[in-house]
Amino acid sequence: MGASERIESLPSKGRDLFHFGEIPEGKVCGRMSAKPKTSAGIIWAPFSKGQAREGTEEGPAVVKEAGLIDKLTAQGCDVKDYGALQFDDIPDDRPCHNAKNPRSVGHANEKLASAVAEVKKSGRTCLVVGGDHSLGIGSISGHAKIHPDLGVIWFDAHTDINTPLTSLSGNMHGQPVSFLLKELKDKMPDVPGFSWITPCLSAEDIVYIGLRDVDNAEHCILKSLGIKYYSMTEIDQLGIQKVMEETLCYLLANKKRPIHLSFDVDGLDPSLAPATGTPVPGGVTLREGIYVAEELYRTGLLSAVDIMEINPALGKTQEEVNTTVNTAVSIILSCFGKEREGSHSPSYRIPKPQKSI
């Protein structure tokens, strides 16, 4: 029996799970067909002031040199290169509370937010290649200007939810989520460079995947706000398929809405991304990372992607740099529809959570 016959033979309720992203609501797809065409708008964000180690500003260049645009085009993606952002060098950028380089980080994110909003106005899926993960502030804020109902998947070994008052290191790549959450607005001090920002996420709008290095203060914030997360323990126990099923049901339970994937390469195991600033052993495998990207693509709702924290300067060898870059490129390609050999399943509608009896 062929694939299309197997789908047709399912009960109608089962067939409802098989939908392509561009099929109108309510129309059941009874046979395989071409995948929807994707379009990408790429912003290169060479920025490193959100953390202490030089080199993340070189991340975008090495990803571009790896042939990302040609590879996306070869798999049928319509790509528009929006170019590299130029970030101002702000002298005498003194710390504020426990936030280092606040003016540099704030102004860089304001510029990135405007650029992301322009890409989203064009209707393209926005790809931001960083740069350190403090840039998540601008990327998500810019996305929310156009799609205020978005949901976020934060793929990371860390929660990045310290505030300028709780951070131990002062590095702002460990604080971006706190600037985005409405529930933390009253807990945030005034920080120079951030007068432009308005929190755009509620606690129920974000899901973490891959956690394994969380500060005590961050853990308290997670628990007090009831933020949903999957640590490596949950991934090991449930399996990545169940994790993604639960994540998508959680974010899409009430309605379809745009999804923003903010992907820190240190969420992956260090064997896959050794050229990064804060690697943590025991991370997500390449197969699991690609599966996350594939599942998000299949929803037809993936609206923006950040790839952050590639640091070529921290590769001990050129092979380590190449491994990190190639891994990042593989994740990006999967976000835009690349299929692994033998994987030809159609996009599907996210099933609604079943009511308990």
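A side-chain N or O of Asp306 and one of Ser262 form a donor-acceptor pair less than 3.5 Å apart.
When atom types are taken as modelled, the side chain of Glu218 and the backbone of Ile161 share a donor-acceptor pair closer than 3.5 angstrom. When atom types are taken as modelled, the side chain of Arg124 and the backbone of Ile42 share no donor-acceptor pair closer than 3.5 angstrom. At distances below 3.5 Å, at least one donor-acceptor pair connects side-chain atoms of Gln75 with backbone N or O atoms of Phe336. Between the side chain of Lys121 and the backbone N or O of Ile146 there is no donor-acceptor pair closer than 3.5 Å.
The shortest distance between side-chain heavy atoms of Met244 and Ile209 falls below 4.5 Å.
In this structure, Asp93 does not pair ionically with Lys49, as no charged nitrogen and carboxylate oxygen lie closer than 4.0 Å.
With rounding to the nearest 0.5 angstrom, the CG atom of Asp215 is 7.0 Å from the OG1 atom of Thr159.
The nearest pair of heavy atoms linking Trp154 to Gly136 is CH2-CA, 4.3 Å. Looking at every heavy atom in both residues, Asn162 comes nearest to Ser178 through O-OG, 2.9 Å. Across all their heavy atoms, Leu135 and Gly130 have their closest contact at CD1-CA, 4.4 Å. Among all heavy-atom pairs drawn from Lys256 and Leu252, the shortest one is CA-CD2, 4.4 Å. Among all heavy-atom pairs drawn from Thr125 and Lys120, the shortest one is CA-NZ, 4.0 Å. Across every non-hydrogen atom of Val191 and Cys96, the tightest pair is CA-SG, 4.3 Å.
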For residues 266-284, which side-chain N or O atoms pair as donor and acceptor with protein atoms under 3.5 Å away, sequence neighbours left out?
from   : atom 1 : to     : atom 2 : distance (Å)
Asp266 : OD1    : Ala157 : N      : 3.2
Asp266 : OD2    : His158 : ND1    : 3.3
Asp266 : OD2    : Thr278 : OG1    : 2.9
Asp269 : OD1    : Gly282 : N      : 3.1
Asp269 : OD1    : Gly283 : N      : 3.0
Asp269 : OD2    : Ser271 : N      : 3.1
Asp269 : OD2    : Ser271 : OG     : 2.8
Thr276 : OG1    : Glu309 : O      : 2.6

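More than 12 heavy atoms of other residues, nucleotides or ligands lie within 6.0 Å of CG in Asp236, so this atom counts as buried by the packing criterion.
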message = The test is side-chain contact (heavy atoms from CB on, under 4.5 Å); show your working for Glu183 and Ser202 and say whether it passes.
response = CA-CA 7 Å; Glu183 289 87 348; Ser202 296; 3.7 Å; yes
request  = Step by step, work out the side-chain hydrogen bond (donor to acceptor under 3.5 Å, both in side chains) result for Ser231 and Glu234.
outcome  = CA-CA 5 Å; Ser231 69; Glu234 279 84 35; 2.4 Å; yes
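Cluster annotation: Leu222 and Leu201 are assigned to the same hydrophobic cluster (Ile/Leu/Val/Met/Phe/Trp/Tyr, side-chain heavy-atom contacts under 4.5 Å, transitive).
For Asp92, the salt bridge (charged side-chain N to carboxylate O under 4.0 Å, His left out) partners two or more places apart in sequence, or in a different chain, are Arg94. Here Arg53 pairs with nothing under the side chain to side chain donor-acceptor pair (under 3.5 Å) rule; sequence neighbours left out. Looking at residues two or more places apart in sequence or on another chain, you find no side-chain contact (heavy atoms from CB on, under 4.5 Å) involving Thr198.
Within the structure, ring-ring contact (aromatic ring centres under 6.0 Å, His included) pairs that include any residue of residues 303-330 do not occur (at least two apart or interchain). Legend: ring-ring contact (aromatic ring centres under 6.0 Å, His included) pairs involving residues 50-99, not counting sequence neighbours, sorted by first then second residue: Phe47-Phe87.
Ring planes of His143 and His147: perpendicular class, angle over 60° (limits at 30 and 60°).
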